[in-house]
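Below is one structure, written out as structure tokens, with a few remarks after it.
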Amino acid sequence: MKSYFLNIFKSLRSILKGMLLTAKYAFTKKATIQYPFVKRELPTRTRGQLFCNIDDCIGCKLCAVACPVDCIYITANKKGPTEEINHTSEESGKKPRRFHLPQFDIDFTLCCWCGLCTDVCPTNCLYMTKNYEFSAEKRQQHIWQYGEGHKPGPKTEFNRPGDQLKLYVD
Amino acid sequence: MTETTLQTQELRINMGPQHPSTHGVLRVELVTDGEIVKRAIPHIGYLHRCFEKHAENIDYMGVMPFVDRMDYVASMNNDMGYAMAVEKLMQVEIPKRAEYIRVIMAELNRIASHILAIGTFGLDVGTFTPFMWCFRDRELILDIFEMTSGARLLYNYLWIGGVWMDLTPGIEEKIKEFCDYFEPKIDEIDTILSYNSIFIHRTANVGIISLDTAISYGLTGPNLRGSGKKWDLRKDEPYSVYPELEFDIPVGSGEQGTVGDCWDRYIVRVREMRESLKIVRQALKQIPEGLFRAPIRKVRPPAGEAYTKVENPRGELGFYIVSDGSLKPYRVKAKSPCFTAISCLDEVSRNEMIADVVAIIGSFDIVLGEVDR
Amino acid sequence: MTLEDIFKKLKEKFQDGVLELKIPDEKYKGDAFIMIDAKKNHAVLKYLKEEASLLFDNLLCISGVDYKDYFSVVYHLHSYTHLHKVVIKVHLQERENPKLDSAFDLWKGANWLEREIFDILGIHFSNHPDLRRILLPDDWEGYPLRKDYKTQETWHGIKVGM
């Protein structure tokens, strides 16, 4: 008989201890932040969307080889003997640029955000920004072009003659 | 006058691939007699992503993002297992600083993974508050990882030969702050969940696995320690810098019921979090200066094969790598601990109620990415 | 016990069933293993599990590998009582319908591991209680991890592959 009431008392005590703890939290500051009105400060090393500064690219294709899912498409045409060879910027080591780069496309439906391509780039022209809000309505708007003569952004003309690989079009 | 006849037949219920309590896409076919389960047959394969076939077409460094995605909750430990297997084949020495960074990251990830397991186990059993509190604390660990490696869940940080980049300046104070903040929170979890009488009634004496069954099925990690065996790879077959660190191994002892029930497996995880905090604090004090990556030009292991195992939060993860001397692996086999854990679901849930099956699946702490690879 | 002692003990008991002990040298790096005959597979594993001085009660992993001329099944065993481990390898020469004895009655964990090898490599295990596909759908054709595997064109009307 005594153990029956002792059991009830012990159970009620354990539940009440928990509820007192929860009641204490009702009067503390909330931990939620109201996204999209308030956004978090991202650290420097955040791996967001890739960006390529084509004026620093020397066309070595190391990034395309390192990518585990093959999402980088590059067409590099060697400059002729009479054409002028310009150089990349000061910070990247003033390397000679011997190739034309009409196509430098990245397919973000395949990219897995691993960062292996940014590690092997010898001039640091390919780096990851902090952007993570680039949703689109069509699958082909996720293929971005960074080649010479184009503004960096979603690709507008597909499968032009001379392009390295044929790409998906809706 | 009609007579109603009572028909008793077995009922086949499908606990389908979409279910809030199966921790992923797992289909369990329950054959029940009323409320009591006669057989529980798990069907897997809904998250199969052909990791082993992909690994044969990509070079060794490129397999690392794929390995992350197997057990996506404890990604640093997976990276460590694969990197150690390739380094064993290549016979390369890693700098001491890189080893210490690896241990700190792996133990922080163990805490994050156990927090998730405890929170979701509470959610399965019916409580909502511990789940929210656990995720609030987990956010702080993910912030530390984002400052170090750049990503919140799939890090690709521990590379073959060391780590990708050195620790950011100022991260060591942040980790110390987190350790001081988190220690009283484990006591709070004990108050609100572990010793709550409703939780004890739900999980004690449910899903008892005897030690012989556990060893025969090949269970490892907290599932085996919950059944009473004191076996942890970090103490019994130590690797990396674990021999220089002091910590204890919690074992289930049938405190609230029988040895090997769901409560034992759960409390082993709670107590392991305390030990992990001890390890992180010691490693931060002992970390030396030096290189963070061994100077390796090209990852090209000689022909041969090697098997390495590491202690994941869910058990022992084993990698068997066969190399033929080229730049791509010939065969990579990953032996995941959750795969063996689910295979014993049938035997453990005989003669339990349907609601107990949910508690048993939650106490195994499975992640379907690892089961299906 | 060291690996050489285990090899000597096995060679005494099963003279022709145990073929060789391979130790790492310049051409082969990594783990040492013991190669046994495919027909004596179950007997050797039973002896390894039940003999008092060996007592391999922990099955770590069973893997299947496709070398283009033959298949290979590798058992990694470990003992909790004596704290030693061993690697046992079996070669199967048939390409069409390779068969092997199941280890289910010795270690219950072998159940799902052998089902996985059947699913992706096509090796049949006799005396297995429930040998059917585990990761792939039940009506999939072919065994994907073989080196000469060609993916099927469609499955239930859905195009397979990119």
Side-chain angles (χ1 to χ4, degrees), chain A residues 4 6-26 28-33 35 39-50 62-72 110-120 124 127-132, chain B residues 54-55 57-69 127-130 132-133 135-137 139-140 142-157 159 164-171 174 185 187-201 293 327:
Chain A
Y4 175 74
L6 199 61
N7 197 14
I8 298 181
F9 169 71
K10 277 197 189 143
S11 308
L12 275 176
R13 186 180 63 178
S14 73
I15 297 176
L16 279 173
K17 262 205 231 162
M19 290 177 86
L20 274 173
L21 189 58
T22 326
K24 191 177 70 146
Y25 269 96
T28 55
K29 186 165 170 286
K30 306 263 174 299
T32 341
I33 63 170
Y35 179 85
K39 295 198 189 166
R40 279 177 66 232
E41 279 285 325
L42 293 170
T44 12
R45 287 191 190 175
T46 306
R47 302 209 293 250
Q49 195 185 18
L50 280 168
L62 277 173
C63 52
V65 165
C67 178
V69 287
D70 297 328
C71 70
I72 305 184
L110 293 174
C111 174
C112 64
W113 279 272
C114 57
L116 286 167
C117 54
T118 59
D119 193 67
V120 293
N124 283 331
Y127 56 89
M128 297 191 105
T129 57
K130 291 189 192 175
N131 183 22
Y132 56 93
Chain B
H54 271 299
N57 298 328
I58 307 176
D59 57 353
Y60 282 92
M61 287 289 241
V63 175
M64 197 58 99
F66 285 86
V67 169
D68 272 346
R69 281 149 172 82
T127 69
F128 198 66
T129 316
M132 283 292 148
W133 289 3
F135 269 74
R136 173 202 59 191
D137 299 328
E139 287 295 307
L140 299 169
L142 297 188
D143 283 344
I144 294 177
F145 283 148
E146 193 172 10
M147 282 191 251
T148 324
S149 76
R152 280 166 55 87
L153 201 66
L154 301 164
Y155 313 114
N156 190 21
Y157 181 61
W159 280 8
W164 181 21
M165 288 203 249
D166 206 348
L167 294 174
T168 34
I171 198 86
K174 272 215 119 58
K185 302 289 175 195
D187 299 324
E188 279 187 11
I189 291 179
D190 270 341
T191 313
I192 197 174
L193 193 59
S194 318
Y195 294 102
N196 192 340
S197 66
I198 305 178
F199 184 74
I200 293 176
H201 275 272
R293 218 201 296 185
L327 290 169

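Here is the naming used below: chain letters follow the sequence lines, and residue numbers restart at 1 for every chain.
Contacts between Pro43(A) and chain B at a heavy-atom distance below 4.5 Å involve the side chain alone, from C-beta outward. With a 4.5 Å cut-off on non-hydrogen atoms, Arg13(A) does not touch chain B at all. In this structure, the portions of Asn196(B) lying under 4.5 Å from any heavy atom of chain A include both its backbone and its side chain. Neither the backbone nor the side chain of Leu20(A) comes within contact range of chain B; no heavy atoms are under 4.5 Å apart.
Comparing Thr129(B), Ile58(B), Thr168(B), Ile198(B) by how many heavy-atom pairs each has under 4.5 Å with chain A, the most go to Thr168(B). Of the listed residues (Met64(B), Arg69(B), Met132(B), His201(B)), the greatest number of heavy-atom pairs within a distance under 4.5 Å of chain A belongs to Arg69(B).
The shortest non-hydrogen separation linking Arg47(A) to Tyr155(B) is NH2-O, 2.8 Å. Residues Thr46(A) and Glu146(B) share a closest heavy-atom pair of CG2-OE2, 3.6 Å. Contact record, Leu167(B) with Arg45(A): C-NH2, 4.1 Å, taken as the closest heavy-atom pair. Pairing each heavy atom of Phe66(B) with each of Pro68(A), the nearest pair is CE1-CB, 3.9 Å.
Summarising the geometry, atom CG belonging to Asn156(B) is positioned 7.5 Å from atom SG belonging to Cys112(A); distances are rounded to the nearest 0.5 Å. In this structure, the separation between CD1 on Ile15(A) and CD1 on Ile192(B) is 11.5 Å, given to the nearest 0.5 Å. Atom CG of Asn7(A) is separated from atom OG of Ser197(B) by 8.0 Å, given to the nearest 0.5 angstrom. Note that the CG atom of Leu154(B) and the SG atom of Cys114(A) stand 11.0 Å from one another [nearest 0.5 Å]. Expressed to the nearest 0.5 Å, how far CG of Leu153(B) lies from CH2 of Trp113(A) amounts to 14.0 Å. To the nearest 0.5 Å, atom CE of residue Met19(A) and atom OG1 of residue Thr191(B) are 14.5 Å apart.
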Passes side-chain contact (heavy atoms from CB on, under 4.5 Å), Trp159(B) versus Leu116(A)? Steps please.
CA-CA 11 Å; Trp159(B) 280 8; Leu116(A) 286 167; 3.5 Å; yes

Test log, rule side-chain contact (heavy atoms from CB on, under 4.5 Å), inputs Trp133(B) and Leu21(A)
CA-CA 12 Å; Trp133(B) 289 3; Leu21(A) 189 58; 4.1 Å; yes

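Look at Arg40(A) and Glu139(B) and you find no salt bridge, because none of the NZ, NE, NH1 or NH2 atoms lies under 4.0 Å from a carboxylate O.
Heavy-atom contacts from other residues, nucleotides or ligands closer than 6.0 Å to OH of Tyr4(A) number 12 or fewer. Summarising the local packing, NZ of Lys185(B) is surrounded by more than 12 heavy atoms from other residues, nucleotides or ligands at distances under 6.0 Å. Around NZ of Lys130(A), the count of heavy atoms belonging to other residues, nucleotides or ligands within 6.0 Å exceeds 12.
Using a 4.5 Å cut-off on side-chain heavy atoms (C-beta onward), Tyr195(B) and Lys10(A) make no contact.
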